[in-house]
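Ligands are counted one by one from 1 in listed order, and the atoms in each one are counted from 1 as well. Everything numeric in this text was worked out from a predicted model, so none of it was measured.
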Amino acid sequence: MDVYFDNAATTPLYPEVIKTVTNSLSQYYGNPSSTHAWGRKARSAIETARKEIASLVNAAPQEIIFNSGGTEGINAIFYSALKDLRAERIITSKIEHHAVLHSLPKDNPQIQIDFVNLLNDGSIDLDSLESLLSTSKKKTLVSLMHVNNEIGNILDIDKVGALCLHYGALFHSDAVQSVGKLAIDVKLSQITFLTASAHKFHGPKGVGFMYLKKNSGLKSFILGGSQERGIRAGTEPVHNILGMSSALKLCHDHLDDNHQYISKLKNHFFEGLVDIFEKPQINGICRNSKNSLPNICNVTLPMDEGKAQLLSFKLDLNGIACSHGSACQSGAGTGSHVLKQINNKSKYYHPSLRFSFSKFNTIKEIDYVLEVLKQISRN
Ligand code: PLP
């Protein structure tokens, strides 16, 4: 049996999205910037997609800018917030995605970088955020992810947005793991900038969007033509944009059903893990259904080092895809920067695995993976 439990890395496309993409490749091949009928047809399709996406996050269509995905969006926002908006300070956390951590201007002494404290379970300490915000009058960009891609913790973006508004800071949220899985209202959460990526919600790869609050003043990162209101140059990939819009619409049509279904999968998985391992270590707050995304389950399994080193190899041999981009299993790698922040270092040799689910997974698949884990732990 082949089981794909690596949906936080990327997701399979909805069949409907594949149809939308393939149809649009033949129907909308005109350049959306051309003024002739072919161009106008492509332009109109893009603008319809923009309206659709905007309505799903409660933004205005002109606040949605299409791009190539999460990494580009994050780089663009950091670049322009520092250069054009003259931010002098960034507040973020040490468990952000590398797209954020590697975009920090560490070599620029003029930009102050502060990291919020984390609670033991990897949650952001909002008191620490407030105290950082209150200690300086410098123009500040706060960048905190909505859902952590390794451990699934959900950040209370409403609270962060309210704090940022109160202290006059810009608020960027990397919502790559939450868009399409959680309801997001950019206005309610007082978000200034948000980044999203279609391949994490059953859409195509190489396309995403940024929400840039009206009049935020953010400028272009990629230079060239005047596409995307001059903020993101380059001919728009019409098929990808339409695929993204169709994927997001499908996710939102089934947001609650999917959430409930995937929560059931995760609970079943946990119960099985406890039966086999008695005390699997849960990384983050995976068992807290309110503050953790059901799609992500990060666990450290109690096994001796020898077995631990072979675990992901054996899972792969048995047709199971999950992610071990976490604990330093060989002793030679650098391990997960997220788990390093939240776990006791002595446990590093244990195998830490991220299993991530989608609506396309089944209880039968969970049972198969549990059976394989049982065999591995016994042999
Ligand atoms: N941010 C988070 C939280 C992610 O999980 C990812 C992808 O793994 C990214 C950013 C980067 O997104 P993309 O793959 O669209 O560049």
Side-chain angles (χ1 to χ4, degrees), residues 4-13 17 53 57 64-79 90 92-104 116 118 122-124 141-155 157 160 171-182 184 191 193-211 221-222 232 234 236-237 240-241 243-245 247-248 251 283-284 286 291-298 321-326 336-339 341-342 354-358:
Y4 185 76
F5 279 176
D6 201 14
N7 291 279
T10 197
T11 50
L13 276 78
V17 170
I53 289 175
V57 294
I64 300 295
I65 300 292
F66 297 130
N67 63 11
S68 71
T71 303
E72 184 193 318
I74 292 163
N75 274 265
I77 287 162
F78 273 66
Y79 175 84
I90 295 173
T92 186
S93 84
K94 289 192 174 162
I95 58 169
E96 299 300 301
H97 190 271
H98 281 140
V100 164
L101 295 176
H102 294 173
S103 295
L104 294 173
V116 285
L118 299 168
S123 308
I124 301 292
L141 170 69
V142 170
S143 184
L144 291 171
M145 68 208 307
H146 190 190
V147 167
N148 185 280
N149 55 303
E150 287 197 29
I151 53 176
N153 288 16
I154 302 175
L155 174 71
I157 48 174
V160 174
F171 174 31
H172 164 244
S173 192
D174 167 358
V176 166
Q177 291 290 344
S178 61
V179 167
K181 293 160 201 152
L182 297 175
I184 295 180
I191 292 171
F193 309 121
L194 175 137
T195 36
S197 182
H199 75 98
K200 305 285 187 182
F201 54 84
H202 307 290
K205 290 176 183 55
V207 65
F209 68 88
M210 298 184 279
Y211 157 76
F221 168 62
I222 291 184
R232 203 284 187 175
E236 298 92 336
N240 267 348
I241 291 170
M244 171 163 68
S245 151
L248 196 57
C251 287
N283 299 311
C286 299
N291 299 325
S292 174
L293 196 74
N295 308 57
I296 295 178
C297 167
N298 192 317
C322 66
S323 170
H324 63 98
S326 49
S336 153
H337 68 284
V338 175
L339 296 190
Q341 293 301 322
I342 63 171
R354 178 187 68 183
F355 295 91
S356 47
F357 314 115
S358 83

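- At the shortest separation from atom 4 (C) of ligand 1 among protein heavy atoms lies His97 CD2, 3.3 Å.
- The option with the heavy atom closest to atom 1 (N) of ligand 1, from among Asp174, Asn148, Asn67, is Asp174.
- Taking 4.5 Å as the limit, every side-chain heavy atom of His202 sits out of range of all side-chain heavy atoms of Val17.
- Of the protein's non-hydrogen atoms, His199 NE2, 2.9 Å is the one closest to atom 14 (O) of ligand 1.
- Nearest protein neighbour of atom 5 (O) of ligand 1, counting heavy atoms only, is Gln177 NE2, 2.8 Å.
- Remark: the backbone N or O of Met145 is paired with a side-chain donor or acceptor of Glu96 at under 3.5 angstrom.
- Not a single heavy atom of Lys205 sits under 4.0 Å from any atom of ligand 1.
- Near Ser197, with a cut-off below 4.0 Å to any heavy atom, the atoms of ligand 1 are 13 (P), 15 (O).
- Taking every non-hydrogen atom of Thr71 and a distance limit under 4.0 Å, the qualifying atoms of ligand 1 come out as 11 (C), 12 (O), 13 (P), 16 (O).
- Between Glu72 and ligand 1, no N or O atom pair is found at a separation short of 3.5 Å.
- At a cut-off of 3.5 Å, with distance as the only test, no side-chain donor of Thr10 or Lys200 sits close to an acceptor on the other residue.
- For the pair Tyr4 and Thr11, the minimum side-chain heavy-atom distance is 4.5 Å or more.
- Between Phe209 and Phe66, a ring centre-to-centre spacing not shorter than 6.0 Å is recorded.
- Put simply, no part of Glu96 is less than 4.0 Å from ligand 1, judged by heavy atoms.
- Below 4.0 Å from some heavy atom of Met145 lie the following atoms of ligand 1, by number and element: 3 (C).
- Checked against a 6.0 Å centroid threshold, the rings of Phe171 and Phe193 do not count as neighbours.
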Taking it one step at a time, do His172 and Val142 satisfy side chain to side chain contact (heavy atoms under 4.5 Å, CB included)?
-> CA-CA 6 Å; His172 164 244; Val142 170; over 6 Å; no
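- Of the protein's non-hydrogen atoms, Lys200 NZ, 2.6 Å is the one closest to atom 8 (O) of ligand 1.
- Distances below 4.0 Å separate heavy atoms of Gly69 from the following atoms of ligand 1: 15 (O).
- Counting only N and O atoms by type, the side chains of Ser173 and His146 include no donor and acceptor under 3.5 Å apart.
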